[in-house]
Each structure stands twice: as C-alpha cells, then as structure tokens.
Novice: 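Supplied in structure tokens, the structure appears directly below.
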Amino acid sequence: MKKIQYSVSLMGNPGHEDDPKKAYGTIQLTGVIRLSELSKHISEHNSVFSQGTIIGILTELSACIRELLLQGYKIDLGDLGTLTPTIKTKGAVDLKSFTAQNILDLRVNFLKGGALLNLRRDAEFEQTTTRAAQAAALEAQKEGQTSADWTPKTDEEGEEVEP
C-alpha cells in the first residue's frame with residue numbers, strides 16, 4: 001500500500017507572534033480523484049456494475065443529497081458518515097429583529113462514520129520534502145546547479161510565501 005507523504009515546516013502562531021515557531025506536519029496530497037476515476041476504481045473492485053452505472057448512481061446521489069440538505073435533513077450514509085446542514089448567521093440586537101436575512105450561508109458538516117473512524121491507526125506515513133524544497137531543487141536542476149536554496153521566501157511583513 002502506498003504511504004501518505006507529509007512534510008514538516010516551522011510555523012508561528014498568528015495569534016501569538018512572539019511565541020517561538022514550532023514544527024508542524026503537512027500532508028503532501030498524492031492527487032485528486034475525480035468522479036470518473038472513482039467510478040472506474042469502484043468498478044474494478046469486483047463490482048457487478050459498470051463504470052457508467054456507477055457514475056450514474058454517484059451523480060444521482062449528489063443531486064439527491066443536495067435536495068435533501070436544502071430541505072433540512074441530516075443524511076446518514078452508514079459507514080461513510082453523516083452530512084448535517086448548518087447555517088452561518090450574523091447577530092441581531094434581539095430575538096425579534098433576527099430574520100432570514102441574518103443567515104449568511106448554508107454549510108454542510110461531515111462527521112466520518114465507521115469505515116473512516118480508524119484512519120490514523122491503519123495509515124502508514126512517510127516524510128518527504130516540502131513543496132517549496134521540491135520546487136527549489138527542480139529549478140536548480142534545470143539551471144544545472146548541484147545544490148538548491150530552499151530557505152522559505154518571505155514578503156515585506158516577514159510572512160512565508162510560495163516560491
């Protein structure tokens with residue numbers, strides 16, 4: 001099984017700028033699996049359904065989930081998890097003056113279910129370089145250099161920026 005790659009960087013706490021920086025891990029995503037790739041993957045796992053049938057089911061599932069969330073339903077997807085609609089609101093001075101106009105957004109919370117509960121226990125990790133270090137090494141290699149400087153680049157305020 002492929003391991004999950006992560007990199008480690010020193011980061012400060014924006015709320016406490018005087019605190020020393022600490023090392024934090026960041027996942028390095030392997031990529032994005034789109035609906036067509038997911039449906040192919042499912043169909044290749046001894047499924048009796050074709051990739052097209054699975055795409056149809058997943059497309060309908062998405063549409064139905066949207067419809068039910070808009071009706072205020074919490075959706076229990078079994079071992080996958082639950083989707084719960086929530087709202088973001090702005091405050092009103094009192095109960096009487098709060099109206100639907102105070103609702104700024106309709107959001108969806110996902111709570112993982114049984115099949116996703118023990119991901120950490122089952123995962124294997126492998127440390128890798130940061131994306132910034134990878135980009136610096138590639139740039140140095142293109143320029144025929146044998147070493148690279150991947151010191152984080154900073155802006156005028158001293159905040160780290162992508163190269």
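Keep in mind the model is a prediction, meaning the values are calculated, not measured.
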Novice: Can you hop from Leu116 to Ile4 via hydrophobic side chains spaced under 4.5 Å?
Specialist: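 As far as the 4.5 Å side-chain criterion goes, Ile4 and Leu116 are not connected within one cluster.
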Novice: List the steps and the verdict of side chain to side chain contact (heavy atoms under 4.5 Å, CB included) for Leu69 and Leu106.
Specialist: CA-CA 9 Å; Leu69 288 170; Leu106 177 61; 5.8 Å; no
Novice: Mind checking whether Ile87 and Ile65 sit in one hydrophobic cluster, side chains of I, L, V, M, F, W, Y counted as touching below 4.5 Å?
Specialist: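 Per the 4.5 Å side-chain linkage, Ile87 and Ile65 are not co-clustered.
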Novice: For residues 22-34, which residue pairs qualify under side chain to side chain donor-acceptor pair (under 3.5 Å), counting only residues two or more places apart or in two chains?
Specialist: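 Every side chain to side chain donor-acceptor pair (under 3.5 Å) pair that includes a residue of residues 22-34, provided the two are not neighbours, is Ser7-Gln28, Gln28-Arg131.
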Novice: OG/Ser39 to CD1/Ile55 distance, rounded to the nearest 0.5 angstrom?
Specialist: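 Separation between the atoms: 3.5 Å.
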Novice: If two hydrophobic side chains count as joined below 4.5 Å and joins carry through other members, does Ile54 share a cluster with Val48?
Specialist: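 Yes, one cluster joins them.
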Novice: With side-chain contact (heavy atoms from CB on, under 4.5 Å) as the test, pick out the partner of Asn109 among Thr82, Thr86, Leu83.
Specialist: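 So, applying the side-chain contact (heavy atoms from CB on, under 4.5 Å) to Asn109 and each of Thr82, Thr86, Leu83, only Thr86 qualifies.
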Novice: Could you check if a side-chain atom of Leu138 sits within less than 4.5 angstrom of a side-chain atom of Gln141, using non-hydrogen atoms only?
Specialist: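 Result yes, sub-4.5 Å side-chain heavy-atom pair found.
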Novice: Which pair of heavy atoms, one from Ala92 and one from Ser97, lies closest together, and at what distance?
Specialist: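 Of all heavy-atom pairs spanning Ala92 and Ser97, the closest is CB-OG, 3.6 Å.
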Novice: If we only count heavy atoms from C-beta on, is the Ser36 to Gln51 side-chain gap below 4.5 Å?
Specialist: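 Side-chain contact under 4.5 Å: yes.
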Novice: Going by an N to O cut-off under 4.0 Å, is there a salt bridge joining Arg107 and Asp105?
Specialist: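 Yes, charged N to carboxylate O under 4.0 Å.
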Novice: Which distance, rounded to the nearest 0.5 Å, do you find between the CD1 of Ile27 and the OG1 of Thr128?
Specialist: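 Between Ile27 CD1 and Thr128 OG1, I get 12.0 Å after rounding to 0.5 Å.
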Novice: Can you measure from CD (Gln145) to CD (Glu139) and round to the nearest 0.5 angstrom?
Specialist: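 These two atoms lie 8.5 Å from each other.
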Novice: Do Leu35 and Ile57 land in one hydrophobic cluster if side-chain heavy atoms of ILVMFWY residues count as linked below 4.5 Å?
Specialist: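 In one cluster: no.
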Novice: Below 4.5 Å, heavy atoms only, C-beta onward: do Thr84 and Leu111 meet side chain to side chain?
Specialist: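 No, too far: nothing below the 4.5 Å cut-off.
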Novice: Is the NZ atom of Lys74 crowded by more than 12 outside heavy atoms at less than 6.0 Å?
Specialist: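 No, NZ of Lys74 has 12 or fewer neighbouring heavy atoms, counting only those of other groups under 6.0 Å.
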Novice: Looking at Glu143, I'd like to know if its CD atom is crowded, meaning that more than 12 non-hydrogen atoms belonging to other residues, nucleotides or ligands lie closer than 6.0 Å.
Specialist: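 It does: Glu143 CD has more than 12 such atoms within range.
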Novice: About how many Å separate CD of Glu67 and OG of Ser62, when rounded to the nearest 0.5 Å?
Specialist: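 If I round to the nearest 0.5 Å, the distance is 12.5 Å.
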Novice: I'd like to know if the side chain of Asp79 and the backbone of Gly113 have a donor-acceptor N/O pair within less than 3.5 Å.
Specialist: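 Looks like no, no N/O pair under 3.5 Å.
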Novice: Within the 4.5 Å heavy-atom criterion, are Ile42 and Leu58 side-chain neighbours or not?
Specialist: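 With C-beta onward as the side chain, the pair touches.
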Novice: Has Phe125 got more than 12 heavy atoms of other residues, nucleotides or ligands less than 6.0 Å from its CZ?
Specialist: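 Count over threshold, so yes.
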Novice: Let me confirm one number: the OG1-CD1 distance from Thr89 to Ile103, rounded to the nearest 0.5 Å.
Specialist: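 Reported value, rounded in 0.5 Å steps: 7.5 Å.
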Novice: Among the clusters formed by ILVMFWY side chains lying less than 4.5 Å apart, do Leu77 and Leu119 turn up in the same one?
Specialist: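 They do share one cluster, since a chain of ILVMFWY contacts under 4.5 Å joins Leu77 to Leu119.
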Novice: So, taking the atom named CG in Asn13 and the one named CE in Met11, what distance separates them when rounded to the nearest 0.5 Å?
Specialist: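 Interatomic distance, Asn13 CG to Met11 CE, rounded to 0.5 Å: 11.5 Å.
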Novice: What is the minimum heavy-atom distance between Ala148 and Ala140, and which atoms define it?
Specialist: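 Nearest heavy atoms, Ala148 then Ala140: CB-CB, 3.6 Å.
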Novice: Tell me whether Phe110 at atom CZ has more than 12 heavy atoms from other residues, nucleotides or ligands lying less than 6.0 Å away.
Specialist: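 Counting other residues, nucleotides and ligands, CZ of Phe110 exceeds 12 neighbours.
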